[in-house]
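Hydrogens, waters and symmetry mates are skipped; everything else that's a heavy atom, side chains included, is used. Within every chain, numbering begins at 1; the chains are lettered A, B, ... in the order of the sequence lines, protein sequences first and strands thereafter.
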2 protein chains.
Amino acid sequence: MSNSVGPRLRLLRNSLQARSISTSEPFGLPTGSLTVMSLIAANPGSSQVQLAEWAGITGPGLVGIIDDLEQRGLVKRERSPTDRRKNLLVLTDEGELKMETLFGEVSEIEAPIRNELGPQDFQRFMEMVDRAVAALDRQKS
Amino acid sequence: MSNSVGPRLRLLRNSLQARSISTSEPFGLPTGSLTVMSLIAANPGSSQVQLAEWAGITGPGLVGIIDDLEQRGLVKRERSPTDRRKNLLVLTDEGELKMETLFGEVSEIEAPIRNELGPQDFQRFMEMVDRAVAALDRQKS
DNA sequence: TATTGTTATACTCTATAACTATA
DNA sequence: TATAGTTATAGAGTATAACAATA
């Protein structure tokens with residue numbers, strides 16, 4: 001079609017989300033939930049501002065996601081003993097299990113893409129997206 | 001981070017849109033406007049259902065975009081003489097000019113990505129997105 | 001005074017259902 | 001009856017401003 005990535009990106013994201021995903025829709029969780037869960041798993045005890053920064057979500061946006069996850073018993077908010085303004089976030093055991101399930105679901109939804117590109121180009125594709133994001137972020141600062 | 005494209009895609013789209021783009025934000029036009037304009041340019045006299053299909057936009061969504069473009073004198077709706085239910089859409093001369101300007105703006109906004117990947121990989125990247133979309137669409141039907 | 005998390009709010013994008021006018 | 005365009009409506013996602021608690 002045209003020579004820019006914007007329109008393509010919308011088509012791809014629409015298709016994925018129509019398949020009920022960007023991250024974790026299949027279980028009725030808000031978009032970004034799985035991203036946040038995996039960040040917590042990799043960095044237990046993170047604060048919400050840290051997570052928001054990493055996930056590319058605004059503060060208020062993250063509050064809603066954490067509310068949802070906590071209500072389902074997948075994540076726990078613990079007040080930091082050293083700085084009582086902060087929440088230290090951790091996954092519950094149930095959260096760890098659910099996260100694995102969600103990754104499976106997402107992987108299945110994205111299977112057509114993986115099959116189309118092949119495992120090697122699929123990996124390259126994701127690396128390219130990461131590099132594109134990094135390049136834009138570098139520009140911003 | 002994780003092994004799926006969904007979260008990455010959100011980061012990339014957010015970054016682009018923060019730079020005031022998905023397609024044509026810089027002039028206050030709704031998202032998808034430039035996509036629609038380029039489709040009309042390539043297929044003058046298209047109907048709205050055709051355009052919605054091609055652009056991955058819903059019928060009602062397209063109405064708003066066309067309303068906006070028509071109000072600015074960039075696009076004209078003409079009643080089809082053979083089937084008076086249909087609108088035949090065409091770009092005005094001013095629309096053609098504006099489209100070129102918008103392409104320039106978008107290209108500038110996406111320049112960091114092009115520079116990061118290099119022209120060849122940038123092209124490959126866009127092809128991969130297209131293939132991914134096609135693969136998902138194939139699955140759907 | 002600055003920061004963390006929160007609430008309130010608004011705007012955009014997307015989706016669905018129902019209406020009209022044509023066929 | 002089916003289709004093209006439209007209107008009305010609702011639901012996500014994202015963003016900003018303002019507030020309370022803490023530093």
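- Atom CD1 in B:Ile65 sits roughly 13 Å away from atom P in C:dT12 (whole-Å rounding).
- Look at B:Gln48 and you'll find a side-chain N or O under 4.0 angstrom from OP1 or OP2 of D:dT6.
- Following rounding to the nearest Å, A:Lys86 (NZ) and C:dT6 (P) show an atom-to-atom distance of 14 Å.
- Between the side chain of B:Ser15 and the backbone N or O of A:Leu136 there is no donor-acceptor pair closer than 3.5 Å.
- B:Arg8 contributes a side-chain N or O that, together with a main-chain N or O of B:Ser4, makes up a donor-acceptor pair within less than 3.5 Å.
- Residues A:Phe122 and B:Val5 form a side-chain contact, since some pair of their non-hydrogen atoms from C-beta on lies under 4.5 Å apart.
- For the pair B:Val36/B:Trp54, no side-chain contact is recorded, criterion being any heavy-atom separation below 4.5 Å from C-beta on.
- Remark: P of D:dG5 and CD of B:Glu70 are 13 Å apart, rounded to the nearest angstrom.
- Atom pair B:Leu62:CG and D:dT7:C1' shows a separation of 15 Å (rounding to whole Å applied).
- With rounding to whole Å, A:Arg10 atom CZ is found 13 Å from C:dT12 atom C1'.
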Are A:Lys76 and A:Glu70 close enough, and set up right, to give a salt bridge (charged side-chain N to carboxylate O under 4.0 Å, His left out), and what steps lead you there?
CA-CA 6 Å; A:Lys76 257 199 323 190; A:Glu70 194 173 37; over 6 Å; no
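- Between the CD atom of A:Gln17 and the P atom of D:dG11 there is a distance of 17 Å, given to the nearest Å.
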Annotated protein contacts, base or backbone, on nucleotides 15-23 of chain C with a non-hydrogen cut-off under 4.0 Å, one of B, S, - each
BBB----BS
Begin from the C-alpha positions of B:Arg138 and A:Glu116 and carry the test salt bridge (charged side-chain N to carboxylate O under 4.0 Å, His left out) through to its verdict.
CA-CA 11 Å; B:Arg138 230 176 296 132; A:Glu116 166 67 26; 3.5 Å; yes
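- Between the C1' atom of C:dG5 and the CG atom of A:Leu89 lies a distance of 11 Å, rounded to the nearest Å.
- In this structure, the side chains of A:Val63 and A:Gln48 come closer than 4.5 Å at one or more pairs of heavy atoms.
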Between the protein and nucleotides 18-20 of chain D, list every N/O to N/O distance that falls short of 3.5 Å.
none

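- In this structure, B:Gly73 and B:Thr92 approach most closely via the heavy-atom pair O-OG1, 2.6 Å.
- Following rounding to the nearest Å, B:Gln71 (CD) and D:dT6 (P) show an atom-to-atom distance of 13 Å.
- Side-chain atoms of A:Ile57 and B:Arg10, non-hydrogen and from C-beta on, do get closer than 4.5 Å to each other.
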